[in-house]
Amino acid sequence: MLLHAACHCRAVRVEVRVKPPLEAIRCNCSICTKTGFLHVITPASAFRLVAGEESLSCYTFNSGIAKHYFCSVCGARPFYIPRSNPDGYSVNARCLDTIPDDMVIRDFDGQNWEQHADTLVHLSRDTVGGK
């Protein structure tokens with residue numbers, strides 16, 4: 001299933017290929033809680049930046065591994081490269097143009113990230129084939 005996402009002003013637009021049903025992860029870590037990010041983690045091969053590379057800014061903190069991209073025009077965060085899956089991308093389900101009716105939201109204990117990060121690693125494995 002091919003999904004489209006964008007920032008609020010639509011300067012940054014992405015495509016992501018996922019297997020249905022869409023699963024989003026609600027994390028309770030400090031940054032996800034404050035920004036309301038709902039993760040759709042995919043392999044790099046299933047992600048494509050369609051437009052807006054020149055409008056992207058990046059925020060990093062702590063280990064510096066996660067690359068939190070946001071639109072420098074409107075401030076929305078349509079995707080980022082997660083620390084748990086540096087070989088993939090996390091698209092913000094809240095930025096999807098259309099949210100599938102059967103989307104499933106699973107909770108993740110990001111406040112205790114070190115103890116639980118291994119439960120996310122499989123999500124960036126290339127099982128979709130990027131097609």
- Item | Whether over 12 other heavy atoms sit under 6.0 Å from Asp101 CG | no
- Of all pairs that satisfy ring-ring contact (aromatic ring centres under 6.0 Å, His included), the ones with a partner from residues 8-38, not counting sequence neighbours: Phe37-His39, Phe37-Tyr80
- Donor-acceptor pair, side chain of Asp87 and main chain of Pro43, under 3.5 angstrom: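 Checked: no pair found.
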- Item | Side chain Asn92, main chain Leu38, donor-acceptor under 3.5 Å | yes
From [atom1] ([X]) to [atom2] ([Y]), nearest 0.5 Å:
X     : Y      : atom1 : atom2 : value
Cys27 : His116 : SG    : NE2   : 10.5 Å
His4  : Leu2   : NE2   : CG    : 4.0 Å
Thr42 : Tyr89  : OG1   : OH    : 9.0 Å
Ser90 : Ile41  : OG    : CD1   : 5.0 Å

- Path from Leu49 to Val73 over hydrophobic side-chain contacts below 4.5 Å: no
- Hydrophobic cluster identity match, Ile25 and Ile31, side-chain contacts under 4.5 Å: no
Can you give me the closest heavy-atom contact between [X] and [Y], atom names plus distance?
X      : Y      : value
Ser84  : Leu120 : OG-CD1, 3.7 Å
Cys9   : Cys74  : N-SG, 3.6 Å
Ser124 : Asn85  : OG-ND2, 2.9 Å
Leu22  : Pro100 : CD2-CD, 3.7 Å
Ala93  : Val40  : CB-CG2, 3.9 Å
Val12  : Pro78  : CG1-CG, 3.8 Å

- Query: Between Leu3 and Val91, is any pair of side-chain heavy atoms under 4.5 Å apart?
  - Reply: no
- Do Lys19 and Met1 have side chains that get closer than 4.5 Å, going by heavy atoms? no
- Message: Do the side chains of Arg13 and Glu53 get close enough for a salt bridge, i.e. N-O under 4.0 angstrom?
- Response: no
- Query: Can Arg26 and Asp109 be counted as an ion pair, charged N to O under 4.0 angstrom?
  - Reply: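 Salt bridge flag = no for Asp109 with Arg26.
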- Modelled atom types, side-chain donor and acceptor of Thr33 and Asn28, under 3.5 Å: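 No, Asn28 and Thr33 have no side-chain donor paired with an acceptor closer than 3.5 Å.
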- Task: Return each pair, listed once, that meets salt bridge (Lys or Arg N to Asp or Glu O under 4.0 Å) where at least one residue sits in residues 39-50; pairs must be two or more places apart or across chains.
- Result: Glu15-Arg48
Check residues 54-71 and write down every donor-acceptor pair under 3.5 Å in which the side-chain atom is one partner and the other belongs to a residue at least two apart or another chain.
from  : atom 1 : to    : atom 2 : distance (Å)
Ser63 : OG     : Ile65 : N      : 3.3
Lys67 : NZ     : Gly64 : O      : 2.7
His68 : ND1    : Arg77 : NH2    : 2.9

